[in-house]
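A quick note: this is a predicted structure, and the numbers were derived from the prediction, not measured. Atoms within a ligand are numbered from 1 in the order they appear, just like the ligands themselves.
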Amino acid sequence: MVYYRRRLDKLRKLYPDSLFIFRDNVSRTYLTGFRSSEDGDGILAVFPDHAELHIDSRYIEDAKKGIQEAKVILASTYAAAFSDIAERMSKLSPKNVIFDPDRITYSGYRNLRKVFSKIKMKPVPGLLSPLRVIKDNEEIAKITRAVEIAEKAFYETIKSVKPGISEKDLEAELEYQIKSAGGERSGFEIISLFGPRASLPHGVPSRDVKCREKEIILLDFGAVYEHYNADITRTFFLGQPTQKMKEVYLTVLRANQSVIEKVKKDVSFKKVDEIARKEIVSAGYGKYFTHSLGHGLGLEVHEQPWLSPRAARGRLKPGMVFTDEPGIYLPNEFGVRIEDDLLITDGGAVALSSGITKELTII
Ligand code: GLY
Ligand code: MN
Ligand code: MN
(Lines give C-alpha, C1' and ligand atoms only; values in the text may rest on other atoms or scores of the structure.)
(Ligands and ions follow the chains in the order given, each with its own letter.)
Protein backbone atom coordinates (compact mmCIF):
# COMPACT_ATOMS: atom_id res chain seq x y z
CA MET A 1 0.00 0.00 0.00
CA VAL A 2 1.83 2.88 -1.45
CA TYR A 3 0.45 5.56 0.90
CA TYR A 4 2.23 4.08 3.92
CA ARG A 5 5.52 4.20 2.03
CA ARG A 6 4.78 7.81 1.04
CA ARG A 7 4.13 8.79 4.65
CA LEU A 8 7.41 7.16 5.78
CA ASP A 9 9.30 8.97 3.02
CA LYS A 10 7.75 12.32 3.98
CA LEU A 11 8.81 11.76 7.58
CA ARG A 12 12.41 11.04 6.56
CA LYS A 13 12.43 14.15 4.40
CA LEU A 14 11.11 16.30 7.21
CA TYR A 15 13.94 15.19 9.52
CA PRO A 16 16.94 14.30 7.35
CA ASP A 17 19.65 11.96 8.70
CA SER A 18 17.43 10.91 11.60
CA LEU A 19 16.00 7.63 12.77
CA PHE A 20 12.68 7.26 14.56
CA ILE A 21 11.10 5.20 17.32
CA PHE A 22 7.33 5.04 17.88
CA ARG A 23 5.69 3.52 20.95
CA ASP A 24 2.05 4.46 20.38
CA ASN A 25 -0.85 3.04 18.46
CA VAL A 26 -1.88 6.16 16.57
CA SER A 27 1.58 6.71 15.06
CA ARG A 28 1.99 3.03 14.22
CA THR A 29 -1.43 2.98 12.58
CA TYR A 30 -0.64 6.09 10.54
CA LEU A 31 2.65 4.64 9.28
CA THR A 32 1.74 0.95 8.84
CA GLY A 33 -2.06 0.61 9.02
CA PHE A 34 -1.74 -1.84 11.93
CA ARG A 35 -3.33 -1.23 15.32
CA SER A 36 -2.86 -3.30 18.48
CA SER A 37 -4.84 -3.08 21.73
CA GLU A 38 -2.44 -0.96 23.75
CA ASP A 39 0.17 1.68 23.04
CA GLY A 40 2.85 -0.50 24.64
CA ASP A 41 2.10 -3.45 22.33
CA GLY A 42 4.67 -2.91 19.59
CA ILE A 43 7.72 -0.87 18.63
CA LEU A 44 7.97 0.77 15.24
CA ALA A 45 11.55 1.60 14.25
CA VAL A 46 12.14 3.69 11.15
CA PHE A 47 15.51 3.30 9.42
CA PRO A 48 16.68 5.19 6.29
CA ASP A 49 15.87 2.33 3.93
CA HIS A 50 13.14 0.41 5.74
CA ALA A 51 10.81 0.36 8.74
CA GLU A 52 10.27 -2.52 11.15
CA LEU A 53 7.47 -3.33 13.51
CA HIS A 54 8.45 -5.50 16.48
CA ILE A 55 5.32 -7.07 17.88
CA ASP A 56 4.51 -9.87 20.31
CA SER A 57 2.98 -13.26 19.58
CA ARG A 58 -0.62 -12.13 20.20
CA TYR A 59 -0.57 -10.00 17.05
CA ILE A 60 2.15 -11.51 14.88
CA GLU A 61 -0.09 -13.43 12.48
CA ASP A 62 -2.40 -10.49 11.80
CA ALA A 63 0.51 -8.06 11.51
CA LYS A 64 2.33 -10.24 8.98
CA LYS A 65 -0.81 -10.49 6.85
CA GLY A 66 -1.77 -6.83 7.12
CA ILE A 67 1.50 -4.90 6.85
CA GLN A 68 3.33 -4.48 3.59
CA GLU A 69 5.51 -1.41 4.02
CA ALA A 70 7.33 -2.48 7.18
CA LYS A 71 9.18 -5.66 8.16
CA VAL A 72 7.24 -7.50 10.83
CA ILE A 73 9.47 -9.07 13.50
CA LEU A 74 8.34 -11.26 16.41
CA ALA A 75 9.30 -9.69 19.75
CA SER A 76 9.84 -12.40 22.38
CA THR A 77 10.18 -9.52 24.85
CA TYR A 78 10.09 -5.81 24.09
CA ALA A 79 13.30 -5.36 26.14
CA ALA A 80 15.13 -7.74 23.78
CA ALA A 81 13.60 -6.00 20.74
CA PHE A 82 14.84 -2.63 22.02
CA SER A 83 18.41 -3.92 22.51
CA ASP A 84 18.44 -5.31 18.99
CA ILE A 85 17.08 -2.04 17.47
CA ALA A 86 19.49 0.13 19.48
CA GLU A 87 22.50 -1.93 18.47
CA ARG A 88 21.71 -1.70 14.76
CA MET A 89 20.72 1.96 14.94
CA SER A 90 23.95 2.97 16.69
CA LYS A 91 26.00 1.30 13.93
CA LEU A 92 24.48 3.78 11.47
CA SER A 93 25.78 6.77 13.52
CA PRO A 94 22.59 8.79 13.01
CA LYS A 95 22.40 12.51 13.79
CA ASN A 96 19.77 11.51 16.34
CA VAL A 97 16.91 9.15 17.08
CA ILE A 98 13.65 11.07 17.24
CA PHE A 99 10.65 10.16 19.40
CA ASP A 100 7.43 11.97 20.35
CA PRO A 101 7.44 12.85 24.08
CA ASP A 102 3.66 13.38 23.98
CA ARG A 103 3.19 9.73 23.09
CA ILE A 104 5.38 7.83 25.50
CA THR A 105 5.00 7.17 29.22
CA TYR A 106 7.59 8.43 31.65
CA SER A 107 8.83 4.91 32.40
CA GLY A 108 8.86 4.14 28.66
CA TYR A 109 11.08 7.18 28.17
CA ARG A 110 13.44 6.10 30.95
CA ASN A 111 13.80 2.65 29.37
CA LEU A 112 14.48 4.25 26.01
CA ARG A 113 17.22 6.44 27.49
CA LYS A 114 18.84 3.41 29.09
CA VAL A 115 18.87 1.27 25.96
CA PHE A 116 19.85 4.11 23.59
CA SER A 117 22.58 5.43 25.90
CA LYS A 118 25.12 5.75 23.06
CA ILE A 119 22.85 7.68 20.66
CA LYS A 120 21.47 11.20 20.89
CA MET A 121 17.73 10.98 21.49
CA LYS A 122 15.68 13.95 20.32
CA PRO A 123 12.14 14.59 21.60
CA VAL A 124 9.88 16.23 19.01
CA PRO A 125 6.41 16.94 20.44
CA GLY A 126 3.69 16.34 17.86
CA LEU A 127 6.20 14.57 15.64
CA LEU A 128 3.70 13.35 13.04
CA SER A 129 1.29 16.29 13.25
CA PRO A 130 2.69 18.23 10.27
CA LEU A 131 1.97 15.15 8.15
CA ARG A 132 -1.27 14.05 9.77
CA VAL A 133 -2.91 17.47 9.69
CA ILE A 134 -3.13 17.27 5.88
CA LYS A 135 -5.15 14.22 4.94
CA ASP A 136 -4.21 12.23 1.83
CA ASN A 137 -6.85 10.81 -0.50
CA GLU A 138 -6.86 7.47 1.29
CA GLU A 139 -7.62 9.14 4.60
CA ILE A 140 -10.31 11.38 3.12
CA ALA A 141 -12.00 8.31 1.63
CA LYS A 142 -11.99 6.56 5.03
CA ILE A 143 -13.33 9.59 6.92
CA THR A 144 -16.02 10.02 4.25
CA ARG A 145 -17.04 6.39 4.70
CA ALA A 146 -17.08 6.79 8.52
CA VAL A 147 -19.38 9.78 8.09
CA GLU A 148 -21.72 7.86 5.76
CA ILE A 149 -21.96 5.05 8.31
CA ALA A 150 -22.71 7.51 11.11
CA GLU A 151 -25.39 9.17 9.00
CA LYS A 152 -27.11 5.90 8.16
CA ALA A 153 -26.97 4.85 11.83
CA PHE A 154 -28.52 8.17 12.87
CA TYR A 155 -31.53 7.76 10.59
CA GLU A 156 -32.10 4.17 11.74
CA THR A 157 -31.81 5.25 15.37
CA ILE A 158 -34.29 8.12 15.35
CA LYS A 159 -37.01 5.62 14.36
CA SER A 160 -36.79 4.51 18.02
CA VAL A 161 -37.37 7.98 19.49
CA LYS A 162 -40.68 8.05 21.33
CA PRO A 163 -41.94 9.19 24.74
CA GLY A 164 -40.58 6.92 27.46
CA ILE A 165 -37.30 5.88 25.85
CA SER A 166 -34.30 6.61 28.11
CA GLU A 167 -31.14 8.50 27.13
CA LYS A 168 -29.17 5.30 27.74
CA ASP A 169 -31.46 3.17 25.55
CA LEU A 170 -31.15 5.65 22.69
CA GLU A 171 -27.37 5.62 23.10
CA ALA A 172 -27.35 1.79 22.99
CA GLU A 173 -29.55 1.77 19.89
CA LEU A 174 -27.21 4.20 18.11
CA GLU A 175 -24.12 2.16 19.05
CA TYR A 176 -25.83 -0.94 17.63
CA GLN A 177 -26.84 0.86 14.43
CA ILE A 178 -23.26 2.14 13.90
CA LYS A 179 -21.95 -1.43 14.02
CA SER A 180 -24.80 -2.70 11.90
CA ALA A 181 -24.10 -0.04 9.23
CA GLY A 182 -20.45 -1.16 8.89
CA GLY A 183 -18.66 0.85 11.58
CA GLU A 184 -16.25 -0.61 14.13
CA ARG A 185 -17.90 1.41 16.93
CA SER A 186 -18.46 5.06 17.86
CA GLY A 187 -14.99 6.52 18.42
CA PHE A 188 -16.09 8.11 21.70
CA GLU A 189 -18.84 7.77 24.30
CA ILE A 190 -22.06 8.75 22.53
CA ILE A 191 -23.76 11.80 24.02
CA SER A 192 -27.53 11.27 24.13
CA LEU A 193 -29.33 13.93 26.16
CA PHE A 194 -32.95 15.01 26.55
CA GLY A 195 -34.60 18.27 27.58
CA PRO A 196 -32.72 20.48 30.08
CA ARG A 197 -29.82 18.00 30.11
CA ALA A 198 -28.96 19.01 26.53
CA SER A 199 -27.32 22.05 28.14
CA LEU A 200 -24.48 19.78 29.35
CA PRO A 201 -22.03 19.94 26.42
CA HIS A 202 -20.49 16.56 27.29
CA GLY A 203 -23.20 15.10 29.53
CA VAL A 204 -23.39 11.36 30.23
CA PRO A 205 -26.59 9.54 29.14
CA SER A 206 -28.75 8.39 32.04
CA ARG A 207 -30.87 5.26 32.40
CA ASP A 208 -33.37 7.24 34.49
CA VAL A 209 -34.03 10.14 32.15
CA LYS A 210 -36.90 9.37 29.79
CA CYS A 211 -37.91 11.31 26.72
CA ARG A 212 -41.08 13.40 26.94
CA GLU A 213 -43.21 15.30 24.42
CA LYS A 214 -42.04 18.80 23.41
CA GLU A 215 -38.50 17.98 24.36
CA ILE A 216 -35.20 18.71 22.74
CA ILE A 217 -32.96 15.72 21.90
CA LEU A 218 -29.23 16.08 21.36
CA LEU A 219 -27.18 13.25 19.85
CA ASP A 220 -23.39 13.56 19.45
CA PHE A 221 -21.97 10.41 17.90
CA GLY A 222 -19.29 9.09 15.61
CA ALA A 223 -18.32 5.99 13.70
CA VAL A 224 -14.93 4.44 13.18
CA TYR A 225 -14.11 3.02 9.77
CA GLU A 226 -10.66 1.50 9.18
CA HIS A 227 -9.40 3.50 12.20
CA TYR A 228 -10.76 6.86 10.94
CA ASN A 229 -13.43 8.85 12.75
CA ALA A 230 -16.62 10.75 12.09
CA ASP A 231 -17.93 13.17 14.75
CA ILE A 232 -21.43 14.55 14.24
CA THR A 233 -24.05 16.25 16.41
CA ARG A 234 -27.68 16.82 15.62
CA THR A 235 -30.30 18.42 17.84
CA PHE A 236 -33.98 17.84 17.10
CA PHE A 237 -37.38 17.90 18.73
CA LEU A 238 -39.99 15.44 19.91
CA GLY A 239 -43.10 17.53 19.38
CA GLN A 240 -43.44 21.26 18.77
CA PRO A 241 -40.53 23.36 20.16
CA THR A 242 -41.06 26.67 21.98
CA GLN A 243 -40.31 30.00 20.28
CA LYS A 244 -37.12 30.30 22.30
CA MET A 245 -35.94 26.83 21.28
CA LYS A 246 -36.56 27.71 17.63
CA GLU A 247 -34.66 30.99 17.95
CA VAL A 248 -31.68 29.31 19.62
CA TYR A 249 -31.70 26.49 17.08
CA LEU A 250 -31.71 28.87 14.12
CA THR A 251 -28.90 30.95 15.68
CA VAL A 252 -26.67 27.89 16.08
CA LEU A 253 -27.54 26.80 12.55
CA ARG A 254 -26.54 30.23 11.17
CA ALA A 255 -23.21 30.00 13.00
CA ASN A 256 -22.58 26.50 11.66
CA GLN A 257 -23.59 27.44 8.10
CA SER A 258 -21.58 30.66 8.00
CA VAL A 259 -18.41 28.63 8.61
CA ILE A 260 -19.23 26.29 5.72
CA GLU A 261 -19.95 29.23 3.44
CA LYS A 262 -17.11 31.56 4.42
CA VAL A 263 -14.04 29.53 5.27
CA LYS A 264 -11.51 28.58 2.65
CA LYS A 265 -7.83 27.86 2.44
CA ASP A 266 -5.53 30.38 4.16
CA VAL A 267 -8.17 31.53 6.66
CA SER A 268 -6.51 31.55 10.12
CA PHE A 269 -7.57 29.03 12.77
CA LYS A 270 -8.70 31.85 15.04
CA LYS A 271 -10.78 33.43 12.30
CA VAL A 272 -12.70 30.18 11.72
CA ASP A 273 -13.90 30.28 15.33
CA GLU A 274 -14.60 34.00 15.07
CA ILE A 275 -16.88 33.57 12.03
CA ALA A 276 -19.21 31.28 14.01
CA ARG A 277 -18.91 33.10 17.33
CA LYS A 278 -19.90 36.42 15.75
CA GLU A 279 -23.31 35.03 14.77
CA ILE A 280 -23.98 33.78 18.29
CA VAL A 281 -22.72 36.94 20.00
CA SER A 282 -24.82 39.19 17.78
CA ALA A 283 -27.94 37.17 18.70
CA GLY A 284 -27.15 37.84 22.38
CA TYR A 285 -26.06 34.31 23.32
CA GLY A 286 -22.27 34.81 23.29
CA LYS A 287 -21.68 33.78 26.88
CA TYR A 288 -23.58 30.52 26.32
CA PHE A 289 -21.22 29.31 23.58
CA THR A 290 -18.80 27.92 26.11
CA HIS A 291 -16.37 25.84 24.05
CA SER A 292 -14.26 26.26 20.96
CA LEU A 293 -15.69 25.90 17.48
CA GLY A 294 -13.97 22.69 16.50
CA HIS A 295 -11.03 20.36 16.18
CA GLY A 296 -9.23 18.28 13.60
CA LEU A 297 -10.56 14.80 12.92
CA GLY A 298 -8.83 11.69 11.60
CA LEU A 299 -7.22 8.74 13.36
CA GLU A 300 -8.12 10.57 16.56
CA VAL A 301 -11.41 12.24 17.40
CA HIS A 302 -9.53 15.30 18.61
CA GLU A 303 -6.37 16.26 16.77
CA GLN A 304 -4.84 19.26 15.02
CA PRO A 305 -5.92 21.79 13.88
CA TRP A 306 -7.63 23.40 16.89
CA LEU A 307 -10.20 26.04 15.93
CA SER A 308 -10.64 28.28 18.93
CA PRO A 309 -10.19 31.88 20.10
CA ARG A 310 -6.91 30.71 21.65
CA ALA A 311 -5.75 28.79 18.57
CA ALA A 312 -2.07 28.70 17.72
CA ARG A 313 -0.98 30.62 14.65
CA GLY A 314 -1.82 28.67 11.57
CA ARG A 315 -4.08 28.67 8.54
CA LEU A 316 -6.40 26.25 6.82
CA LYS A 317 -4.86 24.23 4.02
CA PRO A 318 -6.46 21.90 1.45
CA GLY A 319 -6.71 18.42 2.93
CA MET A 320 -7.50 19.56 6.47
CA VAL A 321 -10.56 17.93 8.05
CA PHE A 322 -12.16 19.47 11.14
CA THR A 323 -15.43 19.83 12.98
CA ASP A 324 -17.70 22.87 12.83
CA GLU A 325 -19.64 22.58 16.09
CA PRO A 326 -21.12 25.76 17.52
CA GLY A 327 -23.50 25.39 20.47
CA ILE A 328 -25.64 27.40 22.85
CA TYR A 329 -26.13 25.92 26.33
CA LEU A 330 -28.76 27.48 28.61
CA PRO A 331 -28.33 25.91 32.08
CA ASN A 332 -31.46 24.13 33.37
CA GLU A 333 -33.35 25.05 30.19
CA PHE A 334 -31.93 23.28 27.13
CA GLY A 335 -28.96 23.24 24.79
CA VAL A 336 -28.40 23.07 21.04
CA ARG A 337 -25.28 21.94 19.20
CA ILE A 338 -24.92 21.29 15.48
CA GLU A 339 -21.70 19.57 14.43
CA ASP A 340 -20.50 18.89 10.90
CA ASP A 341 -17.25 17.44 9.58
CA LEU A 342 -15.65 19.75 7.00
CA LEU A 343 -12.95 19.14 4.41
CA ILE A 344 -10.96 22.07 3.03
CA THR A 345 -10.47 21.83 -0.73
CA ASP A 346 -9.01 24.30 -3.23
CA GLY A 347 -12.57 25.47 -3.83
CA GLY A 348 -13.54 26.06 -0.17
CA ALA A 349 -15.09 23.99 2.60
CA VAL A 350 -17.10 20.85 1.88
CA ALA A 351 -19.42 19.47 4.56
CA LEU A 352 -18.80 15.72 4.50
CA SER A 353 -21.73 15.25 6.85
CA SER A 354 -24.34 16.97 4.68
CA GLY A 355 -26.28 13.69 4.47
CA ILE A 356 -28.20 14.46 7.68
CA THR A 357 -30.60 17.36 7.48
CA LYS A 358 -30.07 20.44 9.63
CA GLU A 359 -33.55 21.82 8.95
CA LEU A 360 -35.32 22.24 12.26
CA THR A 361 -36.68 18.71 12.62
CA ILE A 362 -39.72 17.64 14.63
CA ILE A 363 -40.34 13.92 14.98
N1 GLY B 1 -17.94 14.26 20.45
C2 GLY B 1 -16.95 15.05 21.04
C3 GLY B 1 -16.80 16.33 20.34
O4 GLY B 1 -17.69 16.77 19.66
O5 GLY B 1 -15.78 16.94 20.37
MN1 MN C 1 -19.03 15.44 18.67
MN1 MN D 1 -16.33 17.28 17.98
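Residue contacts to the Mn ion (ligand 3): E325 brings an N, O or S atom closer than 2.8 Å. Residue contact annotation: H302 places no N/O/S atom under 2.8 Å from the Mn ion (ligand 3).
When each atom of ligand 1 is checked for a heavy atom of H202 under 4.0 Å away, the hits are 2 (C), 3 (C). In the vicinity of F188, heavy-atom distances shorter than 4.0 Å reach the ligand 1 atoms 1 (N). Here is the list of ligand 1 atoms found below 4.0 Å of a heavy atom in E339: 4 (O). Here is the list of ligand 1 atoms found below 4.0 Å of a heavy atom in H302: 2 (C), 3 (C), 5 (O).
Where the criterion is an N or O separation shorter than 3.5 Å, residue side chain and backbone included, T233 fails it with respect to ligand 1. Not one N or O of R337 is nearer than 3.5 Å to an N or O of ligand 1, by distance alone.
The Mn ion (ligand 2) is the vertex of the angle joining OD2 of D220 and OD1 of D231, which measures 150° to the nearest 10°.
Contact check on K317 versus D266 returns a salt bridge, with a Lys/Arg side-chain nitrogen under 4.0 Å from an Asp/Glu carboxylate oxygen.
Aromatic pair Y329/H291: centroids less than 6.0 angstrom apart.
When all heavy atoms are compared, the tightest approach of E325 to F289 is O-CE1, 4.3 Å.
For E339 and T233, the side-chain atoms include at least one donor-acceptor pair closer than 3.5 Å. Checking T361 against E359 by side-chain atom types alone, no donor-acceptor pair falls below 3.5 Å.
With a heavy-atom cut-off of 4.0 Å, D231 touches ligand 1 through its side chain alone.
Of the residues F154, Y155, Y249, the one that meets the ring-ring contact (aromatic ring centres under 6.0 Å, His included) test with F236 is F154. Residue F22 forms a side-chain contact (heavy atoms from CB on, under 4.5 Å) with just one option from I98, I43, V46, and that option is V46.
A donor-acceptor contact shorter than 3.5 Å is absent between the side chain of S199 and the backbone of E333.
Of all the N, O or S atoms in E339, the one closest to the Mn ion (ligand 3) is OE2. Closest to the Mn ion (ligand 3) among the N, O or S atoms of H295 is NE2.
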